[in-house]
Amino acid sequence: QVQLVESGGGLVQAGGSLRLSCAASGRTFSSYAMGWFRQAPGKEREFVAAISWSGTITYYTDSVKGRFTITRGNAKNTVYLQMNSLKPEDTAVYYCALDSSRGSYNRTTSWVYWGQGTQVTVSS
C-alpha cells in the first residue's frame, strides 16, 4: 500500500516562507516523478511543481516561478517544496503526488498516488 504524508503547512504572513515535505512509503519510488498541487476553496486542484525521478528536471507553474523550489531527497522517496515570498493567493491545501505515468505532469489525472494534503494560509 503506497502512502504519501505531507507536513510543514501552517499560517504565515505575506512575504514569509514555508517548507513543505512529503514522504512516500510502501514501495520503491526512485523511478517515479513527484509533484505538488494545490486547491483553494471553491477552485479546482491546480498544478504547482514537479520533479523528475532523478531530481534533475523540474517544472513550475508560472505563478510560483522564482518563489518556489521543488527538490528531492537523496533516498528519492521524499520531496520538498520551499515556498518563499508567499502571497495571500498562495493560500490553499497543498497535495503531494507520485507517479505521473498516466499523462502530462501538469494534469491531476496523470498522477497515480496522492497524499491527504496540508493547509497553507498566507495572511495579508
Side-chain angles (χ1 to χ4, degrees):
Q1 185 74 13
V2 173
Q3 186 175 20
L4 301 177
V5 179
E6 302 101 333
S7 61
L11 173 64
V12 64
Q13 288 189 333
S17 299
L18 283 174
R19 188 190 194 212
L20 305 183
S21 300
C22 173
S25 62
R27 58 180 294 179
T28 301
F29 304 104
S30 61
S31 298
Y32 297 102
M34 297 187 77
W36 288 96
F37 284 72
R38 66 187 179 186
Q39 187 167 17
K43 295 187 177 181
E44 293 187 351
R45 192 172 298 189
E46 65 173 1
F47 170 74
V48 176
I51 188 166
S52 64
W53 68 269
S54 65
T56 58
I57 301 173
T58 57
Y59 306 94
Y60 298 94
T61 191
D62 287 345
S63 63
V64 308
K65 286 180 181 177
R67 300 189 298 121
F68 291 11
T69 303
I70 187 170
T71 56
R72 200 154 182 168
N74 290 334
K76 306 300 183 186
N77 66 332
T78 304
V79 66
Y80 306 97
L81 186 68
Q82 178 66 44
M83 305 186 295
N84 298 329
S85 302
L86 282 161
K87 304 175 181 180
E89 51 263 44
D90 294 317
T91 295
V93 177
Y94 283 70
Y95 295 90
C96 175
L98 172 71
D99 186 0
S100 61
S101 59
R102 292 176 175 172
S104 177
Y105 62 86
N106 60 346
R107 295 185 176 185
T108 57
T109 53
S110 301
W111 297 81
V112 178
Y113 303 104
W114 291 88
Q116 292 300 307
T118 185
Q119 176 70 47
V120 171
T121 303
V122 184
S123 64
S124 57

Report task. Identify the heavy atoms of A92 and A40 that sit nearest to each other, and give their distance. Result -> CB-N, 3.8 Å

**Report entry** Closest non-hydrogen atom pair between L4 and C22, with its separation
**Finding:** CB-SG, 4.0 Å

Query raised in the report: Between T118 (side chain) and G9 (backbone), is there a donor-acceptor pair under 3.5 Å?
Result: yes

Requested in this report: Using the rule that two of Ile, Leu, Val, Met, Phe, Trp, Tyr join whenever any of their side-chain heavy atoms come within less than 4.5 Å, decide whether M83 and Y59 are in one cluster.
Outcome: no

Query - Atom of A14, atom of S124 and distance for their closest heavy-atom approach - result: CB-CA, 4.4 Å

Requested in this report: Give the intermediate values and the outcome of side-chain contact (heavy atoms from CB on, under 4.5 Å) for residues F37 and W111.
Outcome: CA-CA 11 Å; F37 284 72; W111 297 81; 3.4 Å; yes

Query raised in the report: Does V79 belong to the same Ile/Leu/Val/Met/Phe/Trp/Tyr cluster as V112, with side-chain heavy atoms less than 4.5 Å apart forming each link?
Result: yes

Query raised in the report: Where the side chain of Y60 meets the backbone of I70, is there a donor-acceptor pair that is under 3.5 Å apart?
Result: yes

Query raised in the report: Is V2 reachable from Y32 through a run of hydrophobic residues whose side-chain heavy atoms are each under 4.5 Å from the next?
Result: yes

Query raised in the report: Between K65 and D62, is there a salt bridge with N-O shorter than 4.0 Å?
Result: yes

Query raised in the report: Roughly how far apart are S25 OG and Q1 CD, rounded to 0.5 Å?
Result: 9.5 Å

Query - Distance in Å, I51 CD1 paired with W36 CH2, rounded so as to fall on 0.5 Å steps - result: 12.0 Å

Query - Flag side-chain contact, heavy atom, 4.5 Å: M34 against C96 - result: yes

**Report entry** Gap between atom CG of L20 and atom CD of Q82 - 0.5 Å precision
**Finding:** 9.0 Å

**Report entry** Test item: S100 side-chain N/O and Y105 main-chain N/O as donor-acceptor pair under 3.5 Å
**Finding:** no

Query raised in the report: Within the side chain of R67, is there an N or O that forms a donor-acceptor pair under 3.5 Å with the backbone of S85?
Result: yes

Query raised in the report: Side chain of E6, backbone of Q116: donor and acceptor closer than 3.5 Å?
Result: yes

Report summary line: CZ of R72 to OG1 of T78, rounded to nearest 0.5 Å, is 9.0 Å

Requested in this report: Taking the side chain as every heavy atom from C-beta outward, state whether R45 and R38 have any pair of such atoms under 4.5 Å apart.
Outcome: no

Requested in this report: Report the C-alpha separation of V120 and L18 in whole Å, then their side-chain angles, then the decisive distance to 0.1 Å, and conclude whether the side-chain contact (heavy atoms from CB on, under 4.5 Å) test is met.
Outcome: CA-CA 9 Å; V120 171; L18 283 174; 3.9 Å; yes

Query raised in the report: Which pairs pass ring-ring contact (aromatic ring centres under 6.0 Å, His included) with one or both residues in residues 68-102, sequence neighbours excluded?
Result: none

Query raised in the report: OG/S104 to CZ/F47 distance, rounded to the nearest 0.5 angstrom?
Result: 8.5 Å

Query raised in the report: Applying the 4.5 Å side-chain criterion to the ILVMFWY set and letting contacts propagate, would V93 and W114 be lumped into a single cluster?
Result: yes

Report task. Please test T121 against Q119 for side-chain hydrogen bond (donor to acceptor under 3.5 Å, both in side chains), starting from the C-alpha separation and ending with a verdict. Result -> CA-CA 6 Å; T121 303; Q119 176 70 47; 3.3 Å; yes

Query - Distance in Å, R19 CZ paired with T69 OG1, rounded so as to fall on 0.5 Å steps - result: 10.5 Å

